[in-house]
There are 2 protein chains.
Amino acid sequence: MDTNFDKKNFIEKFKYSCNKVQIKKFLKGETVTTYIEKRNQICIVLDGEVDLIRYDFNGNKTIIGHFIIDDIFGEALYPTNTNNELFAVAKKNSEILFFTYDSLCTKCRRNCDFHKELTSNLSELFLSQIISLNLRIELLTKRNIRGKIQSYFEILSKSTLHRTFTLPFSYTDLADFLSVDRCAMMREIKSLVDDGFIKKNGNKITLLY
Amino acid sequence: MDTNFDKKNFIEKFKYSCNKVQIKKFLKGETVTTYIEKRNQICIVLDGEVDLIRYDFNGNKTIIGHFIIDDIFGEALYPTNTNNELFAVAKKNSEILFFTYDSLCTKCRRNCDFHKELTSNLSELFLSQIISLNLRIELLTKRNIRGKIQSYFEILSKSTLHRTFTLPFSYTDLADFLSVDRCAMMREIKSLVDDGFIKKNGNKITLLY
DNA sequence: AAAAAACTGTTGCAAAAGCAACATAAATGA
DNA sequence: TCATTTATGTTGCTTTTGCAACAGTTTTTT
């Protein structure tokens, strides 16, 4: 995170102080929520991992979002004019906090102190979500697979401060994240190795340039 | 916008009440700001249009963001670990409001009323930015050009409530927005016309299904 | 009003990417 | 522990895409 806001601490406080908030647990594979009703729902991952999955009219499945602890997602953050069916599915056993944006705003206008703090902290959560969305767009706008992979690896290298790092995704999930065919991606990674740009050992990558 | 927050009104108020804020005018083609220093800057478009342009190490230019009136952009919203040079360039004569996220937060803790309101409204601005970023990701994650175009046209149709609509972009800019080669996109649009999916008249499109 | 710049439309060709179909390895769970 | 599922790695083939190179329009600028 760029800011020095204590997200964890805020969520802890939020979790126990607010009656507009629900916390539920989900087993791996269970559907956390769908984006088809219009409930203005916002969700925060307290524990576990959640994938946001799109099924288009052909039945093709794409993972369009992947959320880990402290990430924020939900219908309220999503455009309403798309006609896909979106499902948020627990990728691991997870604990999710739910509230609605509406309830948040009405409360605030009644001058409740806690909600004032919440709103201001919410903007921090939103900001960190914007940054991660911009990161993804940065990668998705690269015109070829090699560009996407290289940019992603460079970002990992910069953020870990090492030329060698472990991928936080499986290769299957990475392909989804970059929105490319997994086989084509593997082929391209192999060619990066062959061309001497990187070294690969399982899910450990070393940049050689 | 999904929420009923009056963005325009808020920005008007903000613009004249706050000494931490700067407003500058730019002529078409001028550089509004760069994303290379780390100033935690946030910008709001009061008037005009701004493109966010990436020059990668090969000198290739990509428009990775396009901002119109009331849109919010700036370094503070962008990941720090990428190593591109980003330039925000006025696409038309523009009026831009600048402030830093830091100044905003410190002010708030000093209990300035205006800044309290600002912070809470800022989350609305952030939210609407998240929604538009998610929209773009929705399009970028489609695996081929046809899918991107069709989804985009469907969204336009839904949001205008008409089967016929005028593109808000030039075709050149649309190709940039979808991050595909312009010629390949034109070819694909032509094939959508030939296959009877759409009708095209200049920058007016009609969905036929 | 003429010149320059930007946008549209088109095509052939080469390169890249997706798809299908595997074999193998690793992880999960009954 | 054994079976089942999930992930990795690979390859041939086909389709899609990007690139280059145009000509013709429209818009902007001088």
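Convention: sequence-line order gives letters A, B, ...; per-chain numbering from 1. Quick caveat: nothing in here was measured; it's all calculated off a predicted structure.
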Could you give the CD1-to-P distance, from B/Ile189 to C/dT11, as a whole number of Å? 15 Å

Set of side chain to side chain contact (heavy atoms under 4.5 Å, CB included) partners for B/Arg143, sequence neighbours left out: A/Thr62, A/Asp176, A/Ser179

NZ/B/Lys204: more than 12 non-hydrogen atoms of other groups inside 6.0 Å: no

Enumerate, atom names and distances included, each donor-acceptor pair closer than 3.5 Å involving a side-chain atom of residues 183-193 of chain A, sequence neighbours excluded.
residue  : atom : partner  : partner atom : Å
A/Glu188 : OE2  : A/Arg146 : NE           : 2.9
A/Ser191 : OG   : A/Arg146 : NH2          : 2.6
A/Ser191 : OG   : A/Glu188 : O            : 3.4

Is a side-chain donor-acceptor pair under 3.5 Å present for B/Thr206 with B/Thr164? yes

In degrees rounded to 10°, what angle is found between the helical axes fit to the five outermost pairs at each end of the helix from C/dA1-D/dT30 to C/dA30-D/dT1? 60°

Could you tell me the separation between the CG atom of A/Leu178 and the P atom of C/dG18, rounded to a whole number of Å? 11 Å

Worked check of side-chain contact (heavy atoms from CB on, under 4.5 Å) between B/Leu122 and B/Leu125: CA-CA 5 Å; B/Leu122 198 64; B/Leu125 288 178; 4.1 Å; yes

Please tabulate, for side-chain N and O atoms in residues 42-52 of chain B, each donor-acceptor pair with protein atoms closer than 3.5 Å (sequence neighbours left out).
residue : atom : partner : partner atom : Å
B/Glu49 : OE1  : B/His66 : NE2          : 3.2
B/Glu49 : OE2  : B/Lys92 : NZ           : 3.0
B/Asp51 : OD1  : B/His66 : ND1          : 2.5

To the nearest Å, give me how far apart CG (B/Leu140) and P (C/dA17) are. 15 Å

Suppose the criterion is ring pair (Phe, Tyr, Trp, His ring centres under 6.0 Å): which pairs have a residue in residues 127-150 of chain A, not counting sequence neighbours? none

Going by ring-ring contact (aromatic ring centres under 6.0 Å, His included), name the residues that satisfy it together with B/Phe126, two or more places apart in sequence or in a different chain. none

What residues, two or more places apart in sequence or in another chain, satisfy side chain to side chain contact (heavy atoms under 4.5 Å, CB included) together with A/Lys158? B/Asn81, B/Asn83

Check the interface with nucleotides 10-17 of chain D: list each N/O to N/O pair with the protein under 3.5 Å, or write none.
residue : atom : partner  : partner atom : Å
D/dT11  : OP2  : A/Lys190 : NZ           : 3.1
D/dG12  : O6   : A/Arg187 : NH1          : 3.2
D/dT17  : OP1  : B/Ile145 : N            : 2.5

In residues 162-174 of chain B, which ones come under 4.0 Å of DNA chain C, going by heavy atoms? B/Ser170, B/Tyr171, B/Thr172

Taken in chain and number order and not counting sequence neighbours, the residues that satisfy side chain to side chain contact (heavy atoms under 4.5 Å, CB included) with B/Leu161 are none

Dump the pairs, protein N or O against N or O of nucleotides 26-30 of chain C, anything under 3.5 Å, distances to one decimal.
none

Ignoring backbone atoms, establish whether B/Lys200 has a side-chain N or O less than 4.0 Å from OP1 or OP2 of C/dG9. yes

Return the value, rounded to whole Å, for the distance between atom CG of B/Leu192 and atom C1' of C/dT10. 17 Å

Sequence neighbours left out, cut at 3.5 Å: what donor-acceptor pairs do the side chains of residues 165-173 of chain A make with other protein atoms?
residue  : atom : partner  : partner atom : Å
A/Ser170 : OG   : A/Asp173 : N            : 3.1
A/Tyr171 : OH   : A/Gly202 : O            : 2.7
A/Asp173 : OD1  : A/Lys91  : NZ           : 3.1
A/Asp173 : OD2  : A/Lys91  : NZ           : 2.4

Side chains of B/Tyr78 and B/Gln41: is there a donor and an acceptor less than 3.5 Å apart? no

Can you find a heavy atom in the side chain of B/Ser123 that is under 4.5 Å from one in the side chain of A/Tyr101? yes

